[in-house]
S.K.: 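Encoded as structure tokens, here's the structure I'll be asking about.
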Amino acid sequence: MTACEHIQAIGSVKTAKSYECEECVKIGSSWVHLRTCQRCGGTRCCDNSPNRHASGHARATDHPVISSAEPGESWLYCYPDDAFAES
Ligand SMILES: [Zn+2]
Ligand SMILES: [Zn+2]
Ligand SMILES: [Zn+2]
């Protein structure tokens, strides 16, 4: 798999400010894995989570790329291009 132009445009990868989904916290829900938006730096939950806040945010805001916020993982993913890259 090759990185798309959105991933290639990222200089330094934003990391999670706090290890929680900022949307799930508001509604008292839970999540499976966490992803950090590389445009605004917000951390939200993955598509295995019931609320899928990270992909919902990407669609709603046109912020295409997230990084994994999971400890020990360093990769980037672009939703519109379905592109993946190690970071
Ligand atoms: Zn892309
Ligand atoms: Zn969430
Ligand atoms: Zn964002």
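Just so you know, ligand 1 is whichever comes first in the structure, and atom 1 is the first atom listed for that ligand.
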S.K.: Go through it in stages, so that I can follow the logic: the residues are Arg39 and Thr61, the test is side chain to side chain contact (heavy atoms under 4.5 Å, CB included), and I'd like the CA-CA distance, side-chain angles, deciding distance and then a yes or no.
M.R.: CA-CA 10 Å; Arg39 191 70 62 83; Thr61 59; over 6 Å; no
S.K.: If only atom types and distance count, is the side chain of Ser49 paired as donor or acceptor with the main-chain N or O of Asn51 below 3.5 Å?
M.R.: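 Not a single qualifying donor-acceptor pair exists.
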S.K.: I'd like to know if the side chain of Glu70 reaches the main chain of Leu34, judged simply by a donor and an acceptor atom lying under 3.5 Å from each other, with no hydrogens or angles considered.
M.R.: yes
S.K.: For the residue pair Ser67 / Gln38, report whether a side-chain donor-acceptor contact shorter than 3.5 Å exists.
M.R.: yes
S.K.: How is the N/O/S atom of His53 that comes nearest to the Zn ion (ligand 2) named?
M.R.: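 Relative to the Zn ion (ligand 2), the closest nitrogen, oxygen or sulfur of His53 carries the name ND1.
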S.K.: Need one value: angle at the Zn ion (ligand 3), His57 atom NE2 versus His63 atom ND1, rounded to 10 degrees.
M.R.: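 It rounds to 100°.
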S.K.: With the Zn ion (ligand 2) at the center, what angle do SG from Cys24 and SG from Cys21 span, rounded to 10 degrees?
M.R.: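 Answer comes to 110°, rounded to 10°.
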S.K.: Give, rounded to 10 degrees, the angle between ND1 (His6) and OD2 (Asp81) as seen from the Zn ion (ligand 1).
M.R.: 100°
